[in-house]
Amino acid sequence: SQQGEEDPQALSIQEGENATMNCSYKTSINNLQWYRQNSGRGLVHLILIRSNEREKHSGRLRVTLDTSKKSSSLLITASRAADTASYFCATDDSNYQLIWGAGTKLIIKP
Amino acid sequence: DAGITQSPRHKVTETGTPVTLRCHQTENHRYMYWYRQDPGHGLRLIHYSYGVKDTDKGEVSDGYSVSRSKTEDFLLTLESATSSQTSVYFCAISRGSGGNEQYFGPGTRLTVT
């Protein structure tokens, strides 16, 4: 079962623009994580936000969490070609295992 | 991918044959996971381990078994491969339980013909 669902499924923007992708989930969580996957590679952890946090920053990444709406957003500012990848959100279930969304495929056009 | 290797990286096998995938870590993390990734499904947990000889089932465990005889190695076995098990398999590790940050291996692409 999918806990997190990313939106949009695909996003194509010009280099230098900001990219925003969203994640919605169904049940209460302890934390929410965002990962990046470059084509043909394993996933790389980007950021973890706890349920009692509303916003978190890491370099050009900004993550927000709205537990009342059961949603999170990932903002990548000043996008670069190297940001082209798929982005996944993951939330922990009642057994403390991660449940993953299907991902947003981000393409940065030069 | 540092500290986590998977072997083989690619494998083509025939329906009905047994297949074993290996995950090896040098990080001494307690938790290890096997996921499969299919288009439109994101990652789905097959099995996980919370210590040597301690394993449990995930969301899609049917047709798979695992073993962990050493901290650093986690084996995934398909007893009798089927075409529905064609997928990309990822191993992951974490210091704490699954809700913590996970580190992934490079993946194994398995094709069952």
Side-chain angles (χ1 to χ4, degrees), chain A residues 1-10 21-53 56 58 61 63 65 72 85-105, chain B residues 1-7 9-10 21 23-25 27 29-51 54-61 66 87-110:
Chain A
S1 61
Q2 278 180 225
Q3 164 79 308
E5 294 188 8
E6 291 89 345
D7 169 60
Q9 289 185 320
M21 52 206 87
N22 304 295
C23 171
S24 60
Y25 57 92
K26 298 172 185 173
T27 62
S28 61
I29 61 173
N30 294 306
N31 61 58
L32 184 144
Q33 303 182 46
W34 284 93
Y35 288 76
R36 182 188 74 233
Q37 184 180 33
N38 293 93
S39 181
R41 305 287 296 274
L43 282 76
V44 174
H45 181 264
L46 295 176
I47 200 162
L48 181 153
I49 185 165
R50 303 194 185 283
S51 60
N52 61 353
E53 297 176 307
K56 203 162 183 179
S58 177
L61 306 180
V63 169
L65 179 64
S72 173
S86 291
Y87 292 82
F88 296 88
C89 69
T91 56
D92 56 326
D93 69 5
S94 57
N95 293 319
Y96 302 101
Q97 302 309 320
L98 289 183
I99 304 294
W100 300 79
T104 292
K105 188 170 185 176
Chain B
D1 299 351
I4 310 168
T5 57
Q6 292 184 231
S7 59
R9 293 293 313 280
H10 299 87
L21 308 183
C23 177
H24 178 78
Q25 62 147 329
E27 306 297 323
H29 284 1
R30 178 182 175 189
Y31 290 82
M32 299 186 75
Y33 311 85
W34 276 108
Y35 292 96
R36 60 178 290 173
Q37 184 177 37
D38 304 289
H41 285 278
L43 290 176
R44 291 183 291 176
L45 182 64
I46 304 171
H47 281 279
Y48 66 98
S49 170
Y50 46 96
D54 292 324
T55 65
D56 206 349
K57 296 179 180 180
E59 178 189 356
V60 290
S61 60
V66 291
S87 187
V88 180
Y89 291 85
F90 286 99
C91 174
I93 64 175
S94 66
R95 290 190 188 88
S97 62
N100 290 278
E101 177 180 343
Q102 295 188 8
Y103 304 90
F104 283 79
T108 294
R109 184 172 294 275
L110 176 68

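We name chains A, B, ... by the order of the sequence lines, and we start the count at 1 in each one.
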Item to complete: Flag yes if more than 12 heavy atoms outside A:Gln9 fall under 6.0 Å of its CD atom; otherwise flag no.
Response: no
Item to complete: Might you confirm whether atom CZ of B:Arg9 has over 12 heavy atoms from other residues, nucleotides or ligands at distances under 6.0 Å?
Response: yes
Worksheet item: Can you name the nearest heavy-atom pair linking A:His45 to B:Gln102, along with the distance?
Response: CB-O, 4.2 Å
Fill in: Any side-chain donor near an acceptor of the partner, B:Gln37 and A:Gln37, under 3.5 Å
yes
Discussion item. If you define the side chain from C-beta out and look only at heavy atoms, does anything of B:Leu43 sit under 4.5 Å from A:Leu43?
Written reply: yes
Discussion item. On a heavy-atom basis, which atom in B:Tyr35 and which in A:Leu98 lie closest, and how many Å separate them?
Written reply: OH-CB, 4.0 Å
Worksheet entry | Atom group of A:Asn30 that falls short of 4.5 Å from chain B, counting heavy atoms | neither
Item to complete: Answer with yes or no after comparing the ring centroid distance for B:Phe104 and A:Trp100 against a 6.0 Å cut-off, counting only values under it.
Response: yes
Worksheet item: Are there more than 12 heavy atoms of other residues, nucleotides or ligands under 6.0 Å from atom NZ of A:Lys105?
Response: no
Fill in: Atom group of B:Leu45 that falls short of 4.5 Å from chain A, counting heavy atoms
side chain
